[in-house]
Number of protein chains: 2
Amino acid sequence: MLHDPAQLDLMFQALADPARRQMVDRLSRGPASVSQLAEPLAMSLSAVVQHLNLLEASGLVRTQKIGRVRTCQIEPKALRAAEHWINERRLSWERRLDRLGDFLAQTKDEN
Amino acid sequence: MLHDPAQLDLMFQALADPARRQMVDRLSRGPASVSQLAEPLAMSLSAVVQHLNLLEASGLVRTQKIGRVRTCQIEPKALRAAEHWINERRLSWERRLDRLGDFLAQTKDEN
DNA sequence: ACAATAGTTAAGCAAATGCTTCAGTGTTGA
DNA sequence: TCAACACTGAAGCATTTGCTTAACTATTGT
């Protein structure tokens, strides 16, 4: 369910915004509340909540509310899924280049 | 210059669109002309060119025009930069979890 | 009890995005 | 030479995005 294209879509969409990437970056150093996430960002708390909801919908961040504070953490599995998509494409390209190199080396040998 | 935040921004932005990811996916299997990229997509050639320009501006794709055909290829270095950003954050989180695990194991020993 | 805290929700708005169509440009094969 | 081909660029338009403010709910410390 992590590799389903709709989820992947949400993830890349989520990562496309600088503010959201900054939030992910902050969370990579440990859990944080909404206010803590908001603190370094030059926007209203409300805007941060909206970004956070998107991050959560994408699966990149998981949150739980205890009392009045919502604590957020990264979901490494989701990050890995995005990472994996890119990696597959890059490897596919690089393998192709390798085969091409082999072929050229071989045809050169045949001279 | 690949890790400069503005370029990273363009890359993630570029990857956020499904059509553009489909184009990257196609290019991961080998070079293609604009028309070839357009073929599986349900949109005008003009729209494809606009997507392609964005991909090129982001550094993810390199193109060269010979005669009347523009040939496109993936730039694996750029893909690697995006991959790297995600990887760093995930590792940072996972290392933190490991340290936490060690700490918990140790305090348990002390009983 | 009540004020401060922590977050949520809705409405509204300007700017950005993802198209479309249409009118080009330059290239190539017959 | 000239028609088909492979794009390219500008204008326009509907939708989405990323905010804002303002009004609200629920929790906590005193």
Side-chain angles (χ1 to χ4, degrees), chain A residues 5-27 30-75 82, chain B residues 5-27 30-75 82:
Chain A
Q7 199 69 10
L8 209 58
D9 224 82
L10 290 174
M11 277 189 258
F12 277 112
Q13 192 114 273
L15 289 174
D17 185 87
R20 284 191 297 263
R21 274 207 313 287
Q22 205 178 324
M23 290 166 74
V24 168
D25 185 49
R26 166 63 188 80
L27 289 176
S33 70
V34 178
S35 320
Q36 285 173 330
L37 279 181
E39 196 257 334
L41 298 170
M43 65 181 74
S44 72
L45 189 61
S46 182
V48 172
V49 170
Q50 289 171 59
H51 281 305
L52 182 56
N53 289 341
L54 233 156
L55 282 169
E56 193 168 22
S58 79
L60 285 167
V61 166
R62 215 155 35 86
T63 78
Q64 57 181 335
K65 196 160 184 173
I66 297 175
R68 63 186 165 180
V69 11
R70 170 142 77 136
T71 307
C72 314
Q73 8 178 303
I74 269 189
E75 187 55 73
Chain B
Q7 198 71 9
L8 210 58
D9 225 80
L10 290 175
M11 276 189 258
F12 277 111
Q13 192 115 273
L15 288 174
D17 185 86
R20 284 190 299 262
R21 275 208 312 289
Q22 204 177 325
M23 291 166 74
V24 168
D25 185 49
R26 165 63 188 81
L27 289 175
S33 69
V34 178
S35 321
Q36 284 172 333
L37 278 181
E39 196 257 335
L41 298 170
M43 64 181 73
S44 73
L45 190 62
S46 184
V48 172
V49 171
Q50 289 171 59
H51 282 305
L52 183 56
N53 289 340
L54 233 157
L55 282 169
E56 192 167 24
S58 80
L60 286 168
V61 166
R62 215 155 34 86
T63 78
Q64 57 181 335
K65 195 159 186 174
I66 297 175
R68 62 186 166 180
V69 12
R70 170 142 77 136
T71 307
C72 314
Q73 11 180 301
I74 269 187
E75 187 55 72

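- Summarising the geometry, the separation between CD1 on Ile66(A) and C1' on dA6(C) is reported as 14 Å, rounded to the nearest angstrom.
- Nearest-nucleotide positions on DNA chain C for Gly67(B) and Val34(A) put Val34(A) closer to the 5' end.
- The heavy-atom pair separating Val48(B) from Leu41(B) by the smallest distance is CG2-CD1, 4.1 Å.
- With Glu56(A) as the partner, the salt bridge (charged side-chain N to carboxylate O under 4.0 Å, His left out) test is satisfied by one option alone out of Arg20(A), Lys65(A), Arg70(A): Arg70(A).
- Remark: Ala32(A) engages Arg26(A), Leu27(A), Gln36(A), Leu37(A) in a side-chain contact (heavy atoms from CB on, under 4.5 Å) (not counting sequence neighbours).
- The distance from atom CZ of Arg68(B) to atom OG of Ser33(B), rounded to the nearest 0.5 Å, is 11.5 Å.
- Atoms CD1 and CZ, on Ile74(B) and Arg62(B) in that order, are 11.5 Å from each other to the nearest 0.5 Å.
- When every heavy atom of Leu52(A) is checked against every heavy atom of Cys72(A), the shortest pair comes out as CD2-SG, 3.7 Å.
- Put simply, chain B comes within 4.0 Å of DNA chain D, heavy atom to any atom, from dA4(D) to dA10(D), going 5' to 3'.
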Give the B/S/- string for nucleotides 11-23 of chain C, one per nucleotide from 5' to 3', where a protein heavy atom under 4.0 Å of the base yields B, of only the sugar-phosphate yields S, and otherwise -. ------SSBBB--

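- Within the model, atoms CG of Asn53(A) and OG1 of Thr63(A) stand 8.0 Å from one another, a figure rounded to the nearest 0.5 Å.
- Smallest separation of non-hydrogen atoms from Leu55(B) and Ser58(B): O-OG, 2.7 Å.
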